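One structure is given here, and the rest of the page talks about it.
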Amino acid sequence: VDVTRSTNTITDAIDGVTLSLSGTTSSAETVSASYSTDTALLAAQGIVTELNSLVSDLKSKFDRGGDGGTKGALAGDPLVRRLINEIRTITTAELQGFGYTGIYLANYGVLTNRDGSISLDSTTFKTEYEKAPDKFNAIVNSRVTTGSSLVTGEVTGSNYIPGSYAFTISGSSATVGGDSMLSSSGVYYTSSGSTSGLKVSLSGSGTNTTINMGRSFIDKMASFATEAVKFGNDIDTRVTLYNADLTSYSDELADFQLQMDNLTKKYTSQFAAMDLAIASMDGTKESLKSMMDAWKGSMS
């Protein structure tokens, strides 16, 4: 197939491949690509390690200290428990919008253990990866794909709902998922709804097809983290409450210290008075003893 382009960078000859031309040739060149199972496994192991580190840190803070354990700084805090549960939900949920049915981390041997930690079965991972390498994108790469080379898509932002949507083109009008699309300079787009942020470009007149909008596991975790630590989030609220508790406890401690100081002064004063009384009684005792000794002497 002869192709002509205005630049030495060709992005639309082979789906997913960018060709950078650096010179002419006198014979045919072979372009090839392959998936690396070992590289993908390293990536998966890195993800599992980071997940375990995060979950372990949260669990240590939530630990109530029972059965000889160490009580965490946020023992029993409902917010920490909720964060742990949200991570568990993300790691077990289906990854949608990649053109495949039912992609789960568990398919790749990523499992949640009874103690809450996460493990990776390397054998299961390699078997699943080599069976369909492209499915691994569901874990690491959010993307928009279509069922036709005549239709390409991309998405801006993260307000869309992952899934597969029917794209229909009729003249200058287009719909996606049954909703009408806006158009500008031959590009169709949506600004709201389930496909919010989607942009569709056509080659020629395009064709009716399916558009898959997938959000990867990595991006789902990134969204979770961003939401968890953004300004005014639940963590900020919890910190504010704990700071208020600290202020209250500090005030109570100051009041208690004042009471202790007053009691110390009171008991010190009472002890001094008692000490004087005992000293006076000792003087009286000595006087009485001297008098008794003198009385005894006068009678002998």
Side-chain angles (χ1 to χ4, degrees), residues 11-19 29-59 83-149 151-155 158 160-167 194 209-226:
T11 60
D12 55 356
I14 305 173
D15 287 345
V17 175
T18 297
L19 299 176
E29 295 288 341
T30 300
V31 178
S32 63
S34 63
Y35 290 97
S36 171
T37 302
D38 291 338
T39 299
L41 177 59
L42 285 174
Q45 289 171 335
I47 292 171
V48 169
T49 298
E50 292 299 324
L51 281 173
N52 276 328
S53 177
L54 175 59
V55 172
S56 177
D57 185 50
L58 289 173
K59 287 188 64 179
L83 293 175
I84 293 173
N85 288 338
E86 285 184 9
I87 293 173
R88 183 177 294 113
T89 297
I90 294 173
T91 57
T92 57
E94 179 182 0
L95 298 167
Q96 299 178 330
F98 290 90
Y100 297 94
T101 302
I103 301 179
Y104 296 88
L105 290 184
N107 297 142
Y108 289 91
V110 180
L111 302 174
T112 301
N113 304 316
R114 288 186 176 181
D115 62 357
S117 64
I118 298 170
S119 61
L120 173 65
D121 186 308
S122 298
T123 301
T124 300
F125 177 88
K126 289 181 178 180
T127 299
E128 183 67 18
Y129 181 82
E130 291 171 357
K131 187 190 306 180
D134 188 66
K135 291 174 64 175
F136 188 62
N137 280 290
I139 297 178
V140 294
N141 293 315
S142 293
R143 66 180 189 179
V144 176
T145 59
T146 75
S148 171
S149 60
V151 180
T152 58
E154 60 180 298
V155 66
S158 58
Y160 65 93
I161 298 176
S164 298
Y165 300 90
F167 174 78
S194 300
T209 187
T210 298
I211 295 180
N212 305 301
M213 302 180 69
R215 180 175 294 123
S216 70
F217 171 76
I218 291 292
D219 281 349
K220 289 176 69 174
M221 283 299 301
S223 295
F224 159 77
T226 299

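None of these values were measured; they are calculated from a predicted model. Quick note: residue numbers are just sequence positions, from 1.
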Would you list the pairs meeting side chain to side chain donor-acceptor pair (under 3.5 Å) in which at least one residue belongs to residues 38-50, sequence neighbours left out?
Ser36-Thr39

Smallest heavy-atom separation, Ile103 atom then Tyr100 atom, equals CD1-CB, 3.6 Å

Residues two or more places apart in sequence or in another chain: which of them pass side chain to side chain contact (heavy atoms under 4.5 Å, CB included) with Val155?
Val144, Tyr160, Met213

Side chain to side chain donor-acceptor pair (under 3.5 Å) against Glu86, all qualifying residues, sequence neighbours excluded:
Arg82

Hey, are the side chains of Phe217 and Leu51 touching, using non-hydrogen atoms and a 4.5 Å cut-off?
yes

Which residues pass the side chain to side chain contact (heavy atoms under 4.5 Å, CB included) test with Ser148, sequence neighbours left out?
Leu150, Thr207, Thr209

Spacing of CG belonging to Leu105 relative to CD1 belonging to Ile47, to within rounding of 0.5 Å
8.0 Å

Which residues share a side chain to side chain contact (heavy atoms under 4.5 Å, CB included) with Thr210, sequence neighbours left out
Ser164, Asn212

Write down the atom of Tyr104, the atom of Thr92, and the distance for their closest heavy-atom approach.
CD2-O, 3.5 Å

Check: Arg88 main-chain N/O paired with Thr91 side-chain donor or acceptor under 3.5 Å
yes

How long is the span from the CG atom in Leu19 to the CG atom in Asp12, to the nearest 0.5 Å?
9.5 Å

Which residues pass the side chain to side chain donor-acceptor pair (under 3.5 Å) test with Thr127, sequence neighbours left out?
none

Taken to the nearest 0.5 Å, the spacing of Leu58 CG from Ile87 CD1 works out to 5.0 Å

Using the side chain to side chain donor-acceptor pair (under 3.5 Å) rule, collect all pairs that involve residues 108-117, keeping only residues at least two apart or in two chains.
Asn113-Ser117, Asn113-Ser119, Asp115-Ser117

Would you say the side chain of Phe167 lies within less than 4.5 Å of the side chain of Thr146, judging by non-hydrogen atoms?
no

Measuring from Met221:CE to Ile139:CD1, what's the distance to the nearest 0.5 Å?
13.0 Å

Side chain Ser142, main chain Ser216, donor-acceptor under 3.5 Å
yes

Report yes or no: does Asp57 contribute a side-chain atom to a donor-acceptor pair with the main-chain N or O of Leu54 at less than 3.5 Å?
no

Got a sec, which pairs hit salt bridge (Lys or Arg N to Asp or Glu O under 4.0 Å) with one end in residues 128-141, sequence neighbours left out?
Glu128-Lys131, Glu128-Lys135, Asp134-Arg143

The criterion is ring-ring contact (aromatic ring centres under 6.0 Å, His included); which residues satisfy it with Tyr129, sequence neighbours excluded?
Phe125, Phe136

Considering all heavy atoms of both residues, which atom of Leu41 and which atom of Ser122 are nearest to each other, and what is their separation?
CD1-OG, 4.1 Å

First locate atom CG of Leu95, then atom CD1 of Ile218, and finally report the distance between them rounded to the nearest 0.5 Å.
10.5 Å

Looking at every non-hydrogen atom in both residues, tell me the closest pair between Ala93 and Lys220 and how far apart they are.
CB-NZ, 4.0 Å

Residues that Asp121 engages under salt bridge (charged side-chain N to carboxylate O under 4.0 Å, His left out), provided they are two or more places apart
none

